[in-house]
Amino acid sequence: MHILDIIQNSIKAKAELIQLLIDEDIKNDKLLIKIIDDGCGMSEELQKRVLDPFVTSRTTRKVGLGLSLFQQAAKQCEGDLKIESTLGEGTVITVDFKYSHIDRAPLGDLVGTIITILSVNPDLDLLYRHLINDNEFIFDTRIIKEELEDVQINLPEILSWLESYLTEGLEDLRR
């Protein structure tokens, strides 16, 4: 849920390319989640206030819980959340956890998250890189779109194929 929320923030920041890195370093008992976007970035002032749940750039409600809840989840698991952002260039959100911490929530439905993002944002490019110890799975919509040429990535048949591809890739990664 946190990952989808942060990526939604990137989309609202007019990102064209979002990079999602998940590094499950089980050998060293660490989980790292990094979301990098090329959106509009944040001013230094906003970066200082953005972890306050009562600060949001939304106009639909007065609270912005995504980043503050993600930070709280990380801190409960001996980790933290770090924000690096440059106005006009983009934002990097880095979150780390103690992998084996009893309070660490599971990663959730990553395939569903990616398919949801692509289904409503077909023009967005997404680079998803997932590491588990020494194994790696990479999914890059730029390469897929090149193969598809003029076919939209969010057609039901394409999304179904992508869902199978992602599911198989993550299953192979976990073996």
Side-chain angles (χ1 to χ4, degrees), residues 1-13 15-39 41-42 50-51 64-85 89-122 124-145 153-154 158-175:
M1 188 58 146
H2 296 298
I3 292 171
L4 180 60
D5 194 41
I6 303 308
I7 289 176
Q8 279 301 118
N9 289 346
S10 296
I11 292 168
K12 285 188 177 194
E16 294 178 3
L17 172 63
I18 297 174
Q19 300 176 59
L20 169 62
L21 167 67
I22 297 177
D23 185 357
E24 298 183 54
D25 185 356
I26 299 166
K27 292 176 187 170
N28 293 306
D29 201 20
K30 293 182 178 186
L31 169 65
L32 177 92
I33 299 171
K34 186 178 269 194
I35 300 168
I36 304 166
D37 75 47
D38 63 351
M42 291 183 262
V50 76
L51 294 173
L65 297 172
L67 285 170
S68 60
L69 287 175
F70 208 5
Q71 182 187 43
Q72 182 181 0
K75 284 188 171 185
Q76 286 176 335
C77 301
E78 300 177 36
D80 205 354
L81 180 145
K82 186 170 110 183
I83 300 170
E84 300 166 75
S85 187
E89 293 183 18
T91 300
V92 178
I93 306 289
T94 305
V95 190
D96 65 277
F97 298 83
K98 179 177 181 180
Y99 192 86
S100 66
H101 199 284
I102 194 166
D103 291 329
R104 186 182 64 79
L107 283 169
D109 182 9
L110 291 169
V111 172
T113 297
I114 291 169
I115 295 300
T116 299
I117 292 164
L118 295 178
S119 68
V120 292
N121 302 286
L124 179 73
D125 283 320
L126 177 70
L127 172 59
Y128 166 51
R129 186 170 171 237
H130 196 137
L131 299 143
I132 299 179
N133 294 324
D134 299 326
N135 297 317
E136 177 181 54
F137 174 73
I138 295 177
F139 174 83
D140 189 338
T141 60
R142 295 172 295 186
I143 295 169
I144 293 166
K145 287 176 180 177
I153 199 167
N154 65 345
I158 303 297
L159 290 173
S160 178
W161 183 85
L162 292 175
E163 185 174 9
S164 296
Y165 176 77
L166 286 162
T167 300
E168 286 176 29
L170 289 179
E171 285 173 359
D172 287 346
L173 187 61
R174 297 203 180 278
R175 288 186 193 145

**Student:** Looking at every heavy atom in both Arg175 and Asn135, which two are closest together, and how far apart are they?
**Tutor:** O-ND2, 4.4 Å

**Student:** Check ring pair (Phe, Tyr, Trp, His ring centres under 6.0 Å) between Phe139 and all other residues, then give those that pass, not counting sequence neighbours.
**Tutor:** none

**Student:** Is any side-chain heavy atom of His130 closer than 4.5 Å to one of Leu170?
**Tutor:** yes

**Student:** Shortest non-hydrogen contact from Tyr99 to Arg104?
**Tutor:** O-NE, 2.7 Å

**Student:** Within a strict 4.5 Å, meaning less than it, do heavy atoms of the Gln8 and Asn121 side chains meet?
**Tutor:** yes

**Student:** For residues Leu126 and Thr141, report the shortest heavy-atom separation together with the two atoms involved.
**Tutor:** N-OG1, 2.7 Å

**Student:** Apply side chain to side chain contact (heavy atoms under 4.5 Å, CB included) to Thr167 and list each qualifying residue two or more places apart in sequence or on a separate chain.
**Tutor:** Val111, Glu163, Glu171

**Student:** Measuring from Ile6:CD1 to Lys34:NZ, what's the distance to the nearest 0.5 Å?
**Tutor:** 15.0 Å

**Student:** Mind checking what makes side chain to side chain contact (heavy atoms under 4.5 Å, CB included) contact with Asn133, not counting sequence neighbours?
**Tutor:** Asp25, Ile26, Lys27

**Student:** For Leu124 versus Ala15, what's the shortest heavy-atom pair and its separation?
**Tutor:** CD1-O, 3.5 Å

**Student:** Do any side-chain atoms of residues 70-83 form donor-acceptor pairs under 3.5 angstrom with protein atoms, and if so which ones, sequence neighbours left out?
**Tutor:**
none

**Student:** Which residues pass the salt bridge (charged side-chain N to carboxylate O under 4.0 Å, His left out) test with Asp140, sequence neighbours left out?
**Tutor:** Arg142

**Student:** With side-chain contact (heavy atoms from CB on, under 4.5 Å) as the test, would you mind laying out the steps for Asn9 and Asp37 before giving the verdict?
**Tutor:** CA-CA 10 Å; Asn9 289 346; Asp37 75 47; over 6 Å; no

**Student:** Using the side-chain contact (heavy atoms from CB on, under 4.5 Å) rule, take Leu67 and Asp5 through it: C-alpha gap first, then chi angles, then the decisive distance, then the call.
**Tutor:** CA-CA 8 Å; Leu67 285 170; Asp5 194 41; over 6 Å; no

**Student:** Do Ile33 and His2 have side-chain heavy atoms sitting under 4.5 Å apart?
**Tutor:** no

**Student:** If you compare all heavy atoms of Asn154 against all heavy atoms of Leu159, which two are closest, and at what distance to 0.1 Å?
**Tutor:** O-CD1, 3.4 Å

**Student:** Compare every heavy atom of Val50 with every heavy atom of Met42, then report the nearest pair and how far apart it is.
**Tutor:** SD-CG2, 4.1 Å

**Student:** Taking it one step at a time, do Asp125 and Lys145 satisfy side-chain contact (heavy atoms from CB on, under 4.5 Å)?
**Tutor:** CA-CA 9 Å; Asp125 283 320; Lys145 287 176 180 177; 3.1 Å; yes

**Student:** With rounding to the nearest 0.5 Å, note down the distance linking CG in Leu20 to CD1 in Ile114.
**Tutor:** 6.0 Å

**Student:** Hey, what do you get for CG (Leu21) to CG (Leu131), rounding to the nearest 0.5 Å?
**Tutor:** 6.0 Å

**Student:** First locate atom CD1 of Ile7, then atom CD1 of Ile117, and finally report the distance between them rounded to the nearest 0.5 Å.
**Tutor:** 3.5 Å

**Student:** Does Leu118 form a side-chain contact (heavy atoms from CB on, under 4.5 Å) with Ile158? I'd like the steps, not just the answer.
**Tutor:** CA-CA 10 Å; Leu118 295 178; Ile158 303 297; over 6 Å; no

**Student:** Looking at Glu16, I'd like to know if its CD atom is crowded, meaning that more than 12 non-hydrogen atoms belonging to other residues, nucleotides or ligands lie closer than 6.0 Å.
**Tutor:** no

**Student:** Applying ring pair (Phe, Tyr, Trp, His ring centres under 6.0 Å), name anything that partners Phe137, two or more places apart in sequence or on another chain.
**Tutor:** Tyr165

**Student:** Does a side-chain heavy-atom distance below 4.5 Å link Leu173 with Glu24?
**Tutor:** no

**Student:** I need the Ile138 CD1 to Leu127 CG distance, nearest 0.5 Å.
**Tutor:** 7.0 Å

**Student:** State the CG-CG distance between Asp38 and Leu17, to the nearest 0.5 angstrom.
**Tutor:** 5.5 Å

